[in-house]
2 protein chains.
Amino acid sequence: MPRSRVTIRDVAALAGVSHQTVSRVINGHERVTPETRQRVMRAIDDLGYRPNEVARSMAQGRTRLLACFSPNLIDYTFASLIEGAEQMARQQGYFLLSASAPDEETFACLVEELIHSRRADGLIVFNPYSDGRYTRMPKGVPGVYAGVHTPTEELDTISLDDKEGGRIAAQHLLSLDHRRIACLTGPITEECTRERLAGLANALGDAGARSEDSVNFEGDWSVESGYRATQMLLRSGHEFSAICAQNDRMAIGAIHALREAGLHVPQDVSVIGFDDIPLAAYINPPLTTIRQVPYDIGQVAARLLIERVEQPTRAVQHLLLPAKLIVRESTAVYQHRAVKNEPR
Amino acid sequence: MPRSRVTIRDVAALAGVSHQTVSRVINGHERVTPETRQRVMRAIDDLGYRPNEVARSMAQGRTRLLACFSPNLIDYTFASLIEGAEQMARQQGYFLLSASAPDEETFACLVEELIHSRRADGLIVFNPYSDGRYTRMPKGVPGVYAGVHTPTEELDTISLDDKEGGRIAAQHLLSLDHRRIACLTGPITEECTRERLAGLANALGDAGARSEDSVNFEGDWSVESGYRATQMLLRSGHEFSAICAQNDRMAIGAIHALREAGLHVPQDVSVIGFDDIPLAAYINPPLTTIRQVPYDIGQVAARLLIERVEQPTRAVQHLLLPAKLIVRESTAVYQHRAVKNEPR
DNA sequence: TTGAAAGCGCTAACAA
DNA sequence: TTGTTAGCGCTTTCAA
């Protein structure tokens, strides 16, 4: 009894042709008589034949499977990117296998099992510079870096224009007369943290703000970390009238901490986020933020990767997607009463 | 030039054994002399050999790839389930390919391309009853339904105990003296919507509440839909002192709508959610909710599926995970001033 | 314990 | 236009 129900040879037998002719029909080759094609198609239908993709992969040396490694699969940014990449991949006849690679170790392991063992044709890596994972990147394999600004010589990259996003956020606060801005950053090891910070610094510099008026607290993107960082900020004694959070979740944590401290947003402190997650417009107060569309990043990443898989010699590309300010109600004009707490 | 850098035969040649012996070493068979094994291992290292997984899949008739179809990959519940399933799969030597199947059509297409073409060994389907997708389920293929209560004869199922969750939510509100409860439901076509509703009705019945005191508005799980449904509720003229939302996002939308209408939560209206998303504790007011852990559902689903893949005749299992009430600040004792608006 | 032969289901190259 | 012959890289008999 055959392992797979029906093979190409069964179809060939029924249609009275060679299995090769069946293969031609399946693959849409021209050189087949319409009549033969008909017969083969009928046989395929009658038998309920389905090509075995593993066998095709084997014979062709390509799997039409793309891998996508990201720190996790749950956070809105990552999940959106993955869905974007998956849609584009499927549209182009590929599948996307997404895996969470929270650390360098796991990353290396996945590269081994998915790329070196030839299960996948190519690889999208999200945030490869958040630790040493870029060092574990396989050579000579089609790959795309997402969330990366530093142009690489070998790999295509696609990212949000984080620096510009940071600049726009700062500029918005500056335009509301805020001068003492506290920034809640992501892990400083991550490139996008540094980019957003650089954009902020640029805007501050351009506006002639004194650098000693600003202060950074490092979080890990989670709402908890934003909450804790804000508590520390409040205890630190730093003066500030605005918080620039590098993502919406930390911004929400910040607002929560401020509220617990009896401070009102935006009357006492303005808060701006980053991402524009679906909930941003519905929290209290609705969050002013910088919108990025990770879904688009994923789509572009998959497109770039497929291009490279199918055309390995194509010139390397580096793309940047625009950031956009979304003004809601968590930011307001500076009221000349910046928060000042005594250091404990 | 060989398509794959190094094959089992290259290793065999270098080690001076047959390729079959190399295969035995790779697969950890017993019947190999330690000495031979050593030689082969050295050759593998020297050549940087990696088994080609496609060829293994081909020869073995199994791919060690699992598929997971869910309505989308982005929503917290789905993304968590996927990550849970992915972790469990990898732990057991499988990979998980997750794909979004928002409609029956896409679902059927994915079944065709992933299952019938034998790319995947088995299939996890999340919410198969949200439309007709369960009718497109392949027969005779290892599969698991997640988020399903109706025991099937053929497939393993794993779900949150939604009915109990609904009951607990209602009971909490009842214990706070609320009697007029408005429920914001998910799509009524979905099984978990109906289960949570049934739990609610049971609790209400047990407490002797009049059924005409409760009212349902249907949403689609999105924060927007919760917002709109609540606006409609307010305009409808129904009296209510509490809103029981079937997920946290709709609860957040509801709170937003109430706030816009000048109502305070929980002083004027109590709101309870469902899920306990990470942001639930940080919104204003912190959300009372029913916790479920979709990550665990995913883990169990993957475990069940792998068991079935490896042991097709094992008895069918139907599992239910417990729901838990998390009390925060969005619910309070009934203040004897239920909202009453005139119908427009 | 090891090796030789056959085949997994398909595509590619060549021949007819 | 169609068929034949070889593989793709591995595992699984079966012999030795």
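Order of the sequence lines sets the chain letters (A, B, ...), proteins ahead of strands, with each chain counted from 1.
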query: Given D/dT4, D/dG9, C/dT2, which nucleotide is nearest the side-chain atoms of A/Ser18?
result: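 Nearest nucleotide to the side chain: D/dT4.
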message: Just the rounded figure in Å: distance from P of C/dC10 to NE2 of A/His29.
response: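 Computing the A/His29:NE2 to C/dC10:P distance gives 14 Å.
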- prompt: Taking atom C1' of D/dT12 as reference, at what distance in whole Å does atom CZ of B/Arg56 sit?
  reply: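 My rounded result for the distance is 14 Å.
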- prompt: Given atom CZ of B/Arg62 and atom P of D/dC10, what is their separation to the nearest angstrom?
  reply: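 Spelled out: CZ on B/Arg62 to P on D/dC10 is 13 Å.
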Minimum-distance nucleotide (side-chain atoms of B/Ala59 versus C/dC8, C/dG9, D/dA6):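 Minimum distance to the B/Ala59 side chain belongs to C/dC8.
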message: Here's a test of your reading of the structure: between B/Val22 and A/Thr36, which maps to the more 5' nucleotide of DNA chain D?
response: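 By nearest-heavy-atom nucleotide position, the 5'-most residue is A/Thr36.
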task: When you get a sec, tell me which of D/dG9, C/dC10, D/dT12 is the closest nucleotide to the side chain of B/Gln60?
output: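 Of the options given, the side chain of B/Gln60 lies nearest D/dT12.
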task: Run the ring-centre check on B/Phe78 versus B/Phe126 and record whether the distance is less than 6.0 Å.
output: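 Between B/Phe78 and B/Phe126, the centre distance is under 6.0 Å.
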- prompt: Are any of the side-chain nitrogens in A/Glu104 or A/Arg133 under 4.0 Å away from the carboxylate oxygens of its partner?
  reply: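 No, this pair does not count.
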query: Roughly, in whole Å, what's the span from CZ in A/Arg39 to C1' in D/dG3?
result: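 The answer, rounded to whole Å, is 13 Å.
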field: Residue-phosphate contact under 4.0 Å: B/Asn27 side-chain N/O, D/dT11 OP1/OP2
entry: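 Yes, such a contact exists.
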query: Has the side chain of A/His19 got a donor or acceptor atom sitting under 3.5 Å from an opposite partner on the base of C/dT11?
result: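 Such a pair exists between side chain and base.
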task: Check whether the side chain of A/Arg24 and the base of D/dG3 form a donor-acceptor pair under 3.5 Å.
output: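 Yes.
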task: May I ask you to say what B/Val54 touches in the nucleic acid, namely base, sugar-phosphate or nothing, with a heavy-atom cut-off under 4.0 Å?
output: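 If one applies the 4.0 Å heavy-atom cut-off, B/Val54 turns out to touch nothing in the nucleic acid.
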Side-chain N or O of B/Ser23 closer than 4.0 Å to phosphate OP1/OP2 of D/dT11: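 B/Ser23 to D/dT11 OP1/OP2: side-chain N or O found under 4.0 Å.
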message: If the condition is side chain to side chain contact (heavy atoms under 4.5 Å, CB included), which residues does B/Pro138 pass it with, not counting sequence neighbours?
response: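 Scan of B/Pro138 (side chain to side chain contact (heavy atoms under 4.5 Å, CB included), adjacent residues dropped) gives B/Val111, B/Ile115, B/His116, B/Leu123, B/Val141.
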task: Answer yes or no: is there an ion pair linking A/Arg64 with A/Asp121, defined by an N-O contact shorter than 4.0 Å?
output: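 No, A/Arg64 and A/Asp121 are not salt-bridged.
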message: Output the rounded distance in Å from CD (B/Gln20) to P (C/dA5).
response: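 Rounded to the whole Å, the gap is 13 Å.
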message: Output the rounded distance in Å from CD1 (A/Ile8) to P (D/dA6).
response: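 It works out to 19 Å between those atoms.
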query: Roughly how many Å is it from CG in A/Asn52 to C1' in C/dG9, rounded to a whole number?
result: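 To the nearest whole Å, that distance equals 6 Å.
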query: A/Thr135: what forms a side-chain hydrogen bond (donor to acceptor under 3.5 Å, both in side chains) with it, not counting sequence neighbours?
result: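 Listed in chain order: nothing, the list is empty.
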task: Check the distance between D/dT1's C1' and A/Arg37's CZ and give it to me in whole angstrom.
output: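 To the nearest whole Å, that distance equals 11 Å.
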- prompt: Within the pair B/Thr21 and C/dG3, is there a side-chain N or O less than 4.0 Å away from OP1 or OP2?
  reply: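 For B/Thr21, the contact criterion (side-chain N or O under 4.0 Å from OP1 or OP2 of C/dG3) is met.
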message: Looking at C/dT2, I'd like to know if its phosphate oxygens (OP1 or OP2) sit under 4.0 Å from a side-chain N or O belonging to B/Thr33.
response: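 It does, given that an N or O in the side chain of B/Thr33 lies less than 4.0 Å from OP1 or OP2 of C/dT2.
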